[in-house]
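Heads up, the thing below is written out as structure tokens.
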Amino acid sequence: MKAQDSPAVRRRRRVSRGAPLPLLVPALIGVAFLVLPLVALLVRAPWRSMPDLLTSTEVWQALRLSLVCATAATVVSLVVGVPLAWLLARVEFPGRRLVRALVTLPLVLPPVVGGVALLMALGRNGVVGRLLDDWFGVTLPFTTTGVVVAEAFVAMPFLVISVEGTLRAADPRYEEAAATLGASRFTAFRRVTLPLVAPGIAAGAVLAWARALGEFGATITFAGNFPGRTQTMPLAVYLALQNDPEAAIALSLVLLAVSVAVLAGLRDRWMTAS
């Protein structure tokens, strides 16, 4: 007697029967719409002059600043975002849904609006920025630190969502077992929960880093566009497109390569095997 096929095999057979023409045509148009601009970028790339373009002083400054600021923003997101994700996933408190909505708001908020909001909060005349300037002499807008703040603002929700989802999927009984053995809640978090959700934290950190690396709107609004100080790669692409299109293409290819690397690194988490 023939063995019964697994659900996965039956699902593959159902999918592989072929797509109806009314669905296939718009699907192919959608693929072409998304892939064609990337192919055009590769076709029009100045491959011969690419080494010179990527090693020029202006481009190297933007590359280095982008990598440093994106990494710093990711560290900030980890230090603040992981505890926040744990709070949202493990603790019941009044207004938790509202807090979650506010935390994820930067995901849908236009980046320029986020930059304006940062200016109103942390600018020299902002709600908190005025106090920072008067009490500590700290000014964040139009500085490298301001770039980190702007990138962390837009990137942290990616980390929080990823870690919170992993925490909700994790079995809380491990933490309860640690508590019955005398471990404090913080010890259980540090010794049990963190190792348990480490893959989710890593995935969220990579997503946050990639988002920070590509941030444009909030950065140019809150930190400005000063070469060597606040001009990151997206800002350099925008500026180079007006004066040196080949340099803009070269920088765009770098960002494209980073995006592909991020997708490749997260394929086991976000993509299903064929």
Side-chain angles (χ1 to χ4, degrees), residues 37-38 40-42 44-46 49-77 105-124 126 129 138-159 205-263:
L38 305 179
L41 188 64
L42 294 172
R44 296 296 299 272
S49 58
M50 188 74 70
D52 295 333
L53 290 171
L54 293 180
T55 54
S56 65
T57 303
E58 295 80 7
V59 172
W60 176 245
Q61 284 180 343
L63 284 170
R64 182 177 58 84
L65 185 66
S66 292
L67 294 175
V68 170
C69 291
T71 303
T74 304
V75 172
V76 172
S77 299
L105 187 60
L107 290 175
V108 296
L109 193 69
V112 175
V113 177
V116 173
L118 287 173
L119 278 176
M120 297 301 101
L122 301 176
R124 181 166 294 180
V138 175
T139 302
L140 294 177
F142 310 110
T143 64
T144 303
T145 304
V147 176
V148 176
V149 170
E151 290 181 351
F153 177 78
V154 299
M156 190 184 301
F158 289 88
L159 175 74
V206 173
L207 286 173
W209 186 82
R211 179 64 184 89
L213 190 69
E215 168 52 31
F216 176 83
T219 302
I220 196 172
T221 306
F222 183 66
N225 186 16
F226 302 101
R229 189 172 66 182
T230 65
Q231 187 182 88
T232 57
M233 281 196 292
L235 273 63
V237 170
Y238 176 76
L239 186 64
L241 191 60
Q242 305 175 36
N243 304 317
D244 190 357
E246 289 190 347
I249 295 175
L251 278 170
S252 299
L253 285 175
V254 173
L255 292 174
L256 177 61
V258 170
S259 301
V260 172
V262 169
L263 287 177

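If you're wondering where the values come from, they're calculated on a predicted model, not measured in any experiment. The first residue in the sequence is number 1, and the count goes up from there.
A pairwise comparison of heavy atoms in Val237 and Ala248 identifies O-CB, 3.7 Å as the closest pair. Closest heavy-atom contact between Gly224 and Thr230: O-OG1, 3.2 Å. Residues Ala223 and Gly146 approach most closely at CB-C, 4.0 Å, considering heavy atoms. Residues Ser66 and Met233 share a closest heavy-atom pair of OG-N, 2.6 Å. Of all heavy-atom pairs spanning Val154 and Ala218, the tightest one is CG1-CB, 4.1 Å.
Qualifying side chain to side chain contact (heavy atoms under 4.5 Å, CB included) partners for Ala45, counting only residues two or more places apart in sequence or in other chains: Trp47, Met50, Ile249, Leu253. For Phe226, there are no ring pair (Phe, Tyr, Trp, His ring centres under 6.0 Å) partners, not counting sequence neighbours. Residues meeting the side chain to side chain contact (heavy atoms under 4.5 Å, CB included) test with Val75, sequence neighbours left out: Val79. Scanning for side chain to side chain contact (heavy atoms under 4.5 Å, CB included) contacts around Ser259 gives an empty result, with sequence neighbours left out. Not a single salt bridge (charged side-chain N to carboxylate O under 4.0 Å, His left out) links Arg229 to another residue, sequence neighbours left out. By the ring pair (Phe, Tyr, Trp, His ring centres under 6.0 Å) test, Phe142 is found to be paired with no residue, residues two or more places apart in sequence or in another chain being considered. The side chain to side chain contact (heavy atoms under 4.5 Å, CB included) check on Ala117 picks up nothing, with sequence neighbours excluded.
Pairs passing the salt bridge (charged side-chain N to carboxylate O under 4.0 Å, His left out) check and including a residue from residues 231-241, sequence neighbours excluded, do not occur. The side chain to side chain donor-acceptor pair (under 3.5 Å) analysis of residues 205-227, with sequence neighbours excluded, yields the pairs Thr71-Trp209, Arg211-Glu215, Asn225-Gln231.
With contacts defined as side-chain heavy-atom distances shorter than 4.5 Å, the pair Val149/Val76 does not qualify. Counting only heavy atoms from C-beta outward, the side chains of Thr74 and Val206 never approach each other to under 4.5 Å. Residues Pro111 and Phe216 fail the side-chain proximity criterion, which asks for heavy atoms closer than 4.5 Å.
In this structure, the separation between CZ on Phe153 and CG on Leu122 is 9.5 Å, given to the nearest 0.5 Å. Taking SG from Cys69 and CZ from Arg64, the interatomic distance works out to 9.0 Å, rounded to the nearest 0.5 Å.
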Intermediate values then yes/no, side-chain contact (heavy atoms from CB on, under 4.5 Å), Leu213 and Thr232
CA-CA 8 Å; Leu213 190 69; Thr232 57; over 6 Å; no
